[in-house]
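The structure appears below as structure tokens.
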Amino acid sequence: MRKLLTCFIVLALIASSLPLVAGATQTPYEAYTYNYYSDAVPLPAPFAPERQVSGEELGAGAFRDPADVFVTADGTIYILDSGNHRLLRTGGDWRRAESIASFANEGREDTLRNPQGLFVNDEHTIYIADTDNNRIVVLSPEGELLRIVASPESEVLPEGFVFTPVKLTVDDAGRMFVVARGVYEGLMQFDEHGVFIGYAGTINVRQTFADRIWRMLATREQRSRMQLFIPTEFSNVDIDTRGFVFATNIDTYSQTPIRRLNPSGQDVLKRFGYHPVMGDVRYRSFGNNSGPSRMTDIKVLDGGIYVAMDSYRGRLFAYNDEGQLLYAFGGKGTQLGLFNTPVAVERLGERLLVLDRGKNALVVFAPTHFGRTVHEATTQRYLGNDAEAVAQWEEVLRINANYDLAYLGIGKSLLMERKNKEAMTYFKLGMDRKYYSLAFKRHRREVMQAHFGTFMTTVAILVVALVGWLIFRKVRARGKAHEAGAL
């Protein structure tokens, strides 16, 4: 008995020293999504914190209130160290960083002052929103001044307008889309020469029912003191490979805090998910940590995926091209992977980078097996490779059988392959009535077409039988009448 007890203790100690099962990645935050009933459904972590990078680690001294980060297609990383009025450039190996703190401007040394926005194109031309200098500075890859965009002139600009750029993005033609402080008409557009050409994507503010009732009941003096319902400012921008501008706004109660603007400035973001594209669906209305998500940055990934950052609760929300929430993760705290004051999100290959102004550091997140599989399945579906998408979604369900989007992904792929009956099963599991109805109609049409001949033959036989029976009844009735007359 003593030997058995000793063996049991030894086995328990060995088991406790073994690593956890693969896929059960330990993170300081919980990942989740929302189901059809608006319930938060736990998920395996899609990303795990890998490391935290500081200015000292890059050999450039401590960051001071960093404001933005950008990664070019070749993996070069640019960090806008605003408090130190400089731009840092480094590689994915996180070794020493180069610093751009000044440049020659008409023969004199010029510097940045509290820059807040950054964009770098594939040729490494650098665009900086030099906020406190009220200008946009365009630099060459070597840090030489190419041009300055300041004090735009136009009849549509109000008298006394002060240009204060905060964030910006640039398309392949060199046009700039700028978020400027105090501008409510939309994003400011500049052509490739820096000439202001107009606004794009004005945000309209809707009055609530309570606001309207209050205005009806208020006196003239009270109405005059009420807050004007003016449009809301944008908070950040990004651009996808097709030239569509993704923008976030700071209206905390807007149902459209994320927009996708076409060249005409119209919002064409797809919103086909269970819930609006707005971050957290459920939240407290009063007390600590109350109110909806506040989207302050956005990054477009491959396969139609985009990631929006909620700086209020320190969370990241990933959506597919149809506006369905893939996952959410993150939070506030001091541990690696939690944030203090996140200000920017960027991608580095398959990794995510989050710049935390409160911690004066850059946090690097690596995808887990679950996150990588979800991204691959979403991308394959976006590219139209249905067979590959189904295989990836099946792997997602093997990891987590409660992931509704996997059922929907398989169902849509089966629908494209005209496997309507099988698709109905997956749409039912994914709680999608719209696609279930579509699959049902197609399946019903298939059944009708497959059995049309049998159906028509049966109907014809029944009609002939009915006609024969009616004729028989009529003849029989006449015979009986004739016999009755003879008697």
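Note that these values count all heavy atoms, side chains included, but never hydrogens, waters or copies made by symmetry. What you see is a predicted model; the values in this text were computed from it and never measured.
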For the pair [X] and [Y], name the ring-plane relationship: parallel under 30°, tilted 30 to 60°, perpendicular over 60°.
X: F365; Y: F329; result: perpendicular
X: H124; Y: Y78; result: tilted
X: Y34; Y: Y32; result: perpendicular
X: H375; Y: F47; result: perpendicular

Practice problem: Any chance you could lay out the side-chain hydrogen bond (donor to acceptor under 3.5 Å, both in side chains) test for E388 and Q392, step after step, and finish with the verdict? | Solution: CA-CA 6 Å; E388 292 83 352; Q392 296 297 326; over 6 Å; no
Exercise. Compute the ring centroids of F370 and Y403, then answer whether they are less than 6.0 Å apart.
Key: yes
Is the shortest side-chain N to carboxylate O distance from [X] to [Y] below 4.0 Å?
X: R294; Y: D310; result: no
X: D386; Y: K412; result: no
X: K299; Y: E346; result: yes

Practice problem: Could you check N340 against D356 for side-chain hydrogen bond (donor to acceptor under 3.5 Å, both in side chains), going step by step and ending with a plain yes or no? | Solution: CA-CA 7 Å; N340 185 321; D356 194 331; 5.6 Å; no
Quiz prompt | Under the salt bridge (charged side-chain N to carboxylate O under 4.0 Å, His left out) test, residues paired with R351 that sit two or more places apart | solution = E50
Quiz item: So do T27 and P49 actually touch side chain to side chain, heavy atoms under 4.5 Å?
Solution: yes
Quiz prompt | Test log, rule side-chain hydrogen bond (donor to acceptor under 3.5 Å, both in side chains), inputs S235 and T296 | solution = CA-CA 5 Å; S235 57; T296 54; 6.0 Å; no
Exercise. Check each of N121, D122, V120 against T72 using the side-chain contact (heavy atoms from CB on, under 4.5 Å) test, and report the only one that passes.
Key: V120
Practice problem: Could you tell me which non-hydrogen atom of D65 sits nearest to which non-hydrogen atom of N360, and how far apart they are? | Solution: N-OD1, 3.0 Å
